[in-house]
2 protein chains.
Amino acid sequence: MTVTIYDVAREAGVSMATVSRVVNNNPNVKPQTRKKVYEAIERLGYRPNAVARGLASKKTTTVGVVIPDISNSNFAEVARGIEDIANMYHYNIILCNADKRKDKEIRVINTLLEKQVDGLLFMGGAVTEEHVQAFKTANVPVVLCATTDEENKIPSVDINHEEAAYDAVNVLLSQGHKDIAMISGTLQDPSNGYARYYGFKRAMEEAGIPEREEFVRVGNYRYESGVEAMNYFLDQDKHPTAVFAATDEMAIGAIHAIQDKGLRVPEDISVISVDNSRMASMVRPQLSAVAQPMYDIGAVSMRLLTKLMKKEQVEEIKVILPHEVVKRQSVGTIQG
Amino acid sequence: MTVTIYDVAREAGVSMATVSRVVNNNPNVKPQTRKKVYEAIERLGYRPNAVARGLASKKTTTVGVVIPDISNSNFAEVARGIEDIANMYHYNIILCNADKRKDKEIRVINTLLEKQVDGLLFMGGAVTEEHVQAFKTANVPVVLCATTDEENKIPSVDINHEEAAYDAVNVLLSQGHKDIAMISGTLQDPSNGYARYYGFKRAMEEAGIPEREEFVRVGNYRYESGVEAMNYFLDQDKHPTAVFAATDEMAIGAIHAIQDKGLRVPEDISVISVDNSRMASMVRPQLSAVAQPMYDIGAVSMRLLTKLMKKEQVEEIKVILPHEVVKRQSVGTIQG
DNA sequence: CTGTTAGCGCTTTCAT
DNA sequence: ATGAAAGCGCTAACAG
């Protein structure tokens, strides 16, 4: 039924070792022999069995990547970066969605490890003690991308989320805004949640603006929660003149909530966020945002992983990529 | 270094066959023995090697899914459906992005096959002769999801794209529109491209409206191409009163192009599309669209694949899921 | 209910 | 430059 390396060997009149050599591009094969083997392969339609190969060589040339939410375009972009570099180094990647659920993350990590991946990329999401435990039992390198561990022990590639938020709030501040509200992510989420809230807090403190509890709402990163949070702000006696949202989607929800109430962005209320996803220019007015280099985060983390897998020396285990504020139309100067 | 089934056997004082049995939940093990084995596993931190298991059993309990474009939220939704059902039947899935490039699709299919997946799900994109050839060499079942082959030979799950487009255009027609333009996908794409264009054409013909070449533009499914196409229509002496876009994203681009010119949707120009992605309600006015049941397409195709893998009898190899028109705010009645 | 024993298809020394 | 042979870690008859 299935044609094996042994069949090819017989067909070509050589040993299976020789076939193995040509399949693996081992130079120690006479060109003429190589040709014979290739012909036999062609004739028989031989396709190497990666499972057998993996067992024998103890390498699978595949890296597992766990993605918290496949329908999140940010992560999709990271995956792109991972892929491109993986291809470049001849690794296959197997993507596993974890549905933003911790138990599934752990399960998926274990499945990947059982499948004997040569390395693991863990994307986004909080890294708990349980995660660290799972990573430790892996005897392959792990790198976190677009997230970090508290302990700062595991290799990772990310931006400085707090700084990004801080910068975003500062563009609002520099335009004269003082009544600034924030639509945060959940505070349990260290990078997209807590760190960004903390950046907001720090910027406000430094500007000498007292904290207003009614000007902070936590959403779930989604559009609808942006709408909801904004409506909450709008229902107050005096609404904020500017809003900082932890994600583009929530910011767009905020913009629409504002417009639905008959107010204008940025004339009445300014909006800024962190992300700069493709959607930022798919809204009117176009959204100003601090850009996270998602593709690069993916690419750099995969590159780091290749080095780790090859046991090469790496200088820095924790890399922070720069972010950048992208000004579009959703932020205006405060009048008065 | 790595602990094997043999180590566990010795630790538990049983044979490796017994360990294998408990790991695989074979009922023929005395509870007490089972317990001993579990303890040994725990003590040693044993993790089954899926590669060895795959080689020995000739089954990997994983299915490969090739996704044309990971950053497309439609496909992400399909993937969700696939995943949920896969989990239900205890299959792992390995997702491979093909970047919308045919050569990469073929390459990825072969990689997946080398990895000995038990089945293959091919998502979206055109199915060429070359694809069919690659599928034929696979001796595992293949099902196409969200696409079909010309020959109608390969199992598949999809909607009727032509009918969906036809229905969309008919809501425009029923509101009195006659000057209807279309922003199409590329005509080489059988499902999202050609079929939808053909549905448009048929609806117009049946309404007795002669075709106007200047009222059809082909885009690349993206927002920007929707903007561009719409601007083209707007630059004409007499612009259309309604636009049918082959995808939500292009429709949203069209809406913004219209608004940027100072016109209103739907008062001046109506817009409708096919997709009904999450973005349809993330725009003002909210977009009317024909909904494709993406999640279901994924779920049903995975279910079909499980049947095929288990060699169960399946009644229908080609399944067409129903679509549905979702009316929101972007379509209005023509005055006059 | 449990153990023995062949492989699964390939890589990899070690000879030659 | 090539071949022989010993596994890789596990499953699956087959015995008992």
Side-chain angles (χ1 to χ4, degrees), chain A residues 1-38 40-41 44-62 90 110-111 113-118 139-140, chain B residues 1-38 40-41 44-62 90 110-111 113-118 139-140:
Chain A
M1 183 73 240
T2 82
V3 16
T4 76
I5 201 173
Y6 183 73
D7 299 321
V8 176
R10 209 178 25 195
E11 175 82 10
V14 298
S15 74
M16 40 190 288
T18 299
V19 177
S20 173
R21 286 190 188 98
V22 346
V23 169
N24 293 295
N25 284 314
N26 183 317
N28 291 347
V29 180
K30 218 194 314 182
Q32 189 193 338
T33 314
R34 185 179 300 274
K35 184 156 172 289
K36 268 196 314 192
V37 173
Y38 274 134
I41 287 176
L44 267 39
Y46 168 69
R47 163 181 293 144
N49 180 327
V51 172
R53 191 199 300 239
L55 182 58
S57 68
K58 305 186 129 227
K59 272 177 296 170
T60 54
T61 62
T62 101
H90 303 290
N110 283 313
T111 315
L113 259 16
E114 285 184 6
K115 288 199 188 303
Q116 312 298 120
V117 293
D118 293 343
N139 28 28
V140 296
Chain B
M1 184 73 239
T2 81
V3 18
T4 76
I5 200 173
Y6 183 73
D7 300 321
V8 176
R10 210 180 22 195
E11 174 81 11
V14 299
S15 74
M16 39 189 290
T18 300
V19 178
S20 174
R21 285 188 189 100
V22 345
V23 170
N24 292 296
N25 283 314
N26 183 318
N28 292 346
V29 180
K30 215 196 312 183
Q32 187 193 338
T33 313
R34 184 180 302 274
K35 182 153 171 291
K36 267 196 314 192
V37 173
Y38 274 134
I41 287 177
L44 268 39
Y46 168 70
R47 162 182 293 145
N49 180 328
V51 171
R53 189 199 301 237
L55 182 58
S57 68
K58 304 185 132 227
K59 271 177 295 170
T60 54
T61 61
T62 102
H90 302 290
N110 282 314
T111 314
L113 261 15
E114 286 184 6
K115 288 199 188 302
Q116 313 299 119
V117 293
D118 292 342
N139 29 27
V140 295

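Numbered from 1 within each chain, the chains take letters A, B, ... in sequence-line order.
Taking every heavy atom of both residues into account, B/Thr2 and B/Asp7 meet most closely at O-OD2, 3.8 Å. A/Met16 and A/Ile5 make their closest contact through O-CD1, 3.7 Å (heavy atoms, listed as atom of the first residue, atom of the second, distance). Contact detail for B/Asp118 and B/Lys59: the closest heavy-atom pair is OD1-CA, 3.7 Å.
Comparing A/Ser15 and B/Thr4 by the nucleotide of DNA chain D that holds the closest heavy atom to each, the one mapping nearer the 5' end is A/Ser15. Heavy-atom nearest nucleotides on DNA chain C were determined for B/Met16 and for B/Asn28, and the one closer to the 5' end corresponds to B/Asn28. Nearer the 5' end of DNA chain D, as judged by each residue's closest nucleotide, is the contact made by A/Ala17, out of A/Ala17 and B/Val23. Taking the nucleotide of DNA chain C with the nearest heavy atom to each of B/Arg34 and B/Ala52, the more 5' of the two is matched to B/Arg34.
Atom pair B/Arg21:CZ and C/dT2:P shows a separation of 8 Å (rounding to whole Å applied). To the nearest angstrom, P of C/dG9 lies 13 Å from OH of A/Tyr6. The distance between atom CG of B/Asn49 and atom P of C/dC8, rounded to the nearest whole Å, is 18 Å. Summarising the geometry, the separation between CG on B/Leu55 and C1' on D/dC8 is reported as 9 Å, rounded to the nearest angstrom. Rounded to an integer number of Å, the gap from B/Lys58 NZ to C/dC10 P is 10 Å. The NZ-C1' distance, from A/Lys115 to D/dC10, rounds to 14 Å in whole Å. Regarding A/Asn25, its CG atom lies at a distance of 13 Å from the P atom of C/dT12, rounded to whole Å. Distance CG (B/Asn26) to C1' (C/dC1): 10 Å, rounded to an integer number of Å.
B/Arg21 pairs in a side chain to side chain contact (heavy atoms under 4.5 Å, CB included) with only one of the listed residues (B/Val29, B/Val37, B/Val14), which is B/Val29.
Listed pair A/Ser57 / D/dC8 fails the phosphate criterion, with no side-chain N or O lying under 4.0 Å from OP1 or OP2. Side-chain nitrogen and oxygen atoms of A/Thr33 include none within less than 4.0 Å of the OP1 or OP2 phosphate oxygen of D/dA1. Between B/Ser20 and D/dC10, a side-chain N or O to OP1/OP2 separation shorter than 4.0 Å is absent. Here A/Arg53 reaches the OP1 or OP2 of C/dT11: one of its side-chain N or O atoms lies under 4.0 Å away.
Judged purely by atom type and a 3.5 angstrom limit, A/Asn24 has no side-chain atom pairing as donor or acceptor with the backbone of A/Asn26.
Among the nucleotides D/dT2, C/dC1, C/dT11, the one closest to any side-chain atom of A/Val29 is D/dT2.
Backbone-only contact: A/Val14 has heavy atoms under 4.0 Å from sugar-phosphate atoms and none from a base.
The base of C/dG9 lies outside donor-acceptor range of the side chain of A/Arg47, with no N or O pair under 3.5 Å.
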